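Take a look at the structure below.
The shown structure was predicted, so the numbers you read here are calculated from the model rather than taken from an experiment. Start at 1 and go down the list; that is how both ligands and their atoms are numbered.
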Amino acid sequence: MPENLDQFEIAVAQVRKSAEILKLDSGMVEILSKPKRELTVNFPVRMDDGSVKVFTGYRVQYNYSRGPCKGGVRFHPNVTLNEVRALAAWMTWKTSVMNLPYGGAKGGVIVDPKKMSRNELERLTRRYTSEISIIIGPEKDIPAPDVYTDSQTMAWMMDTFSMIKGYSVPGVVTGKPLSIGGSEGRSEATARGAMYVARAAAKTQGMDTKKATVAVQGFGNAGSIGARLFSEELGSKVVAVSDSKGGIYNKNGLDMRKLLDHKAKTGSVINFTGSKAISNEELLQLDVDMLVPAALENQITEKNASSIKAKMIIEEANGPTTPKADEILHKNGVFLLPDVLANAGGVTVSYFEWVQDIQSYFWSLEEVNQRLETLMSKAYNDILPIARKENIDMRTAAYVYAVKKVVDAHRIRGLWP
Ligand code: NAD
């Protein structure tokens with residue numbers, strides 16, 4: 001039977017697996033397997049040609065037992081309610097893994113932003129924000145950027161929410177530009193967090209990062225900054241990278257600064273001087289120390305998992321490994337740092353941004369990075385003993401760690417009424 005890749009079913013299956021280890025009762029499992037609140041909005045937007053189009057958007061608040069909800073907003077033609085549910089569930093576990101005082105949420109609008117003008121996108125963003133304004137706010141639910149939304153989108157959201165309130169509310173969204181309460185270090189936080197976790201893991205796994213080779217799939221925001229940081233701050237040799245047009249390989253290592261220039265000039269990593277062309281599939285199967293999937297979901301599956309030769313996988317992307325592939329990798333002794341931990345640097349610095357906005361007191365880049373490293377290493381070093389004690393993979397251990405804290409919050413708060 002082919003693998004079931006419905007994202008929400010995967011998300012629920014992961015919760016159920018950790019619930020068995022935690023011996024949770026069926027009532028608690030049911031609470032954790034369903035989103036707390038879902039809002040669907042159908043809203044009109046005036047297009048540049050004067051016509052009116054109706055768009056559909058969602059905001060799902062999965063769980064807020066540990067604090068206000070947190071999670072990005074995605075603009076994409078393939079957005080579905082089930083996908084938003086899954087992403088909101090993952091945010092719940094990710095904030096708990098990182099010990100952030102948040103629950104999890106996610107939003108999305110079914111739209112192809114590449115087919116819209118900047119003015120149309122601004123009107124769409126503002127109307128979507130006003131539609132979901134009844135459930136968001138610094139104490140309720142704090143959106144952030146995700147696929148095809150960015151700091152400009154967040155600035156429009158912050159402005160719209162502030163206009164409704166009649167005063168400026170910077171803490172309503174994170175990932176904002178610095179000029180309106182953004183945080184230093186936010187743009188490279190995801191990749192930097194992944195690098196800190198890889199460094200912590202290398203220490204406990206007996207890997208010398210200065211001698212390690214790295215392959216990175218995807219060369220966008222997460223992947224390209226990640227590749228540079230692994231090279232510059234860990235001293236590792238990045239031997240292969242790829243993007244949607246193809247991959248490149250050089251066994252002696254790729255010069256990151258020159259490669260970033262090449263990508264900026266040509267729009268892709270392919271045809272980089274001194275490198276050999278490889279396919280994305282070949283990249284995943286390279287004999288390297290660290291493999292960093294930083295592109296799309298479902299890249300490592302039951303079909304290719306047994307061909308993976310990397311010693312360690314650091315998931316910068318969300319959901320790059322399927323549940324069946326997880327089992328194969330664990331059996332083969334591949335040490336996998338799961339997305340809920342490895343790419344949680346972004347939401348962690350988002351949390352720092354919200355704290356700074358609420359206090360109206362802003363930190364230096366050094367303070368942000370140092371606090372990020374502290375939280376990333378703590379999460380890693382808390383989860384590792386669970387994996388060792390229970391003889392489970394790091395993803396399951398991360399879920400056990402995260403789910404337990406959400407369960408503790410439910411139990412201590414009690415059931416109302
Ligand atoms: P991005 O759009 O900036 O980059 C995606 C990259 O993947 C591009 O270089 C693209 O060419 C490449 N790509 C697309 N299809 C590919 C294929 N078939 N093979 C190889 N490469 C391919 O996106 P991003 O922000 O870097 O996000 C990448 C992943 O990281 C996503 O899963 C995202 O959810 C996750 N993530 C990102 C952040 C963040 O702060 N940017 C935070 C958490 C998780």
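By the salt bridge (charged side-chain N to carboxylate O under 4.0 Å, His left out) test, K36 is found to be paired with no residue, residues two or more places apart in sequence or in another chain being considered. Scored by the salt bridge (charged side-chain N to carboxylate O under 4.0 Å, His left out) test, E20 finds no partners at all (sequence neighbours excluded).
By the 4.0 Å heavy-atom criterion, G218 is counted among the residues contacting ligand 1.
Using a 4.0 Å cut-off between heavy atoms, D146 makes no contact with ligand 1 at all. Looking at E316 against ligand 1, only its backbone comes within 4.0 Å, counting heavy atoms. Counting heavy atoms closer than 4.0 Å to ligand 1, residue D243 contributes atoms from both its backbone and its side chain. Contacts of A294 with ligand 1, taken as heavy-atom pairs under 4.0 Å, involve the backbone alone.
Between D261 and K265 there is no salt bridge, since none of the side-chain N atoms of the basic residue sits less than 4.0 Å from a carboxylate O of the acidic one. A salt bridge is absent between K53 and E120: the closest approach of a Lys/Arg side-chain nitrogen to an acidic carboxylate oxygen does not fall below 4.0 angstrom.
Within a 6.0 Å sphere centred on CD of E390, other residues, nucleotides and ligands contribute more than 12 heavy atoms. Residue Y249 places its OH atom among more than 12 non-hydrogen atoms of other residues, nucleotides or ligands, all under 6.0 Å distant. Other residues, nucleotides and ligands place no more than 12 heavy atoms under 6.0 Å from the CG atom of N391. In this structure, K203 places its NZ atom where only 12 or fewer heavy-atom neighbours from other residues, nucleotides or ligands lie under 6.0 Å away.
Y102 pairs in a ring pair (Phe, Tyr, Trp, His ring centres under 6.0 Å) with only one of the listed residues (W93, Y62, Y351, Y64), which is Y351.
Under the 4.0 Å distance rule, the nearest protein heavy atom to atom 32 (O) of ligand 1 falls inside the cut-off. Distances from atom 4 (O) of ligand 1 to the protein include at least one heavy-atom value under 4.0 Å.
For ligand 1, none of its N or O atoms has an N or O atom of R186 under 3.5 Å away. Between S244 and ligand 1, a contact under 3.5 Å exists for at least one N or O pair. Considering backbone and side-chain atoms together, G223 places no N or O closer than 3.5 Å to any N or O of ligand 1. In terms of polar-atom proximity, T190 is counted as a contact of ligand 1, with an N or O under 3.5 Å from an N or O of the ligand. Residue contacts with ligand 1: F219 is placed with a nitrogen or oxygen under 3.5 Å of a nitrogen or oxygen of the ligand (distance criterion only).
Proximity to N280 (heavy-atom distance under 4.0 Å) selects the following atoms of ligand 1: 17 (C), 19 (N), 20 (C). Within ligand 1, the atoms closer than 4.0 Å to a non-hydrogen atom of S242 are 20 (C), numbered from 1 in the order shown. In the vicinity of N318, heavy-atom distances shorter than 4.0 Å reach the ligand 1 atoms 32 (O), 34 (O), 35 (C), 44 (C). Which parts of ligand 1 touch A295 is read off a 4.0 Å heavy-atom cut-off, strictly below it: atoms 7 (O), 13 (N), 21 (N), 22 (C), 28 (C), 29 (C), 31 (C), 32 (O). The contact set between ligand 1 and L296, taken as ligand atoms under 4.0 Å from a residue heavy atom, comprises 15 (N), 16 (C), 18 (N). Of all the atoms in ligand 1, the ones that sit under 4.0 Å from a non-hydrogen atom of Q217 are 19 (N), 20 (C).
Nearest protein heavy-atom neighbour of atom 23 (O) of ligand 1: N221 N, 4.5 Å. In terms of protein heavy-atom proximity, atom 26 (O) of ligand 1 is closest to A222 N, 2.8 Å. The shortest contact between atom 6 (C) of ligand 1 and any protein heavy atom is with G220 N, 3.6 Å.
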Fill in: Test log, rule side chain to side chain contact (heavy atoms under 4.5 Å, CB included), inputs L259 and K263
CA-CA 6 Å; L259 181 57; K263 167 99 187 177; 5.6 Å; no
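Geometrically, K404 does not engage Y401 in a cation-pi contact, judged by NZ or CZ lying under 6.0 Å from the ring centre and within 45° of the ring axis.
Between the CD1 atom in I392 and the CD1 atom in I21 there is a gap of 4.0 Å [rounded to 0.5 Å].
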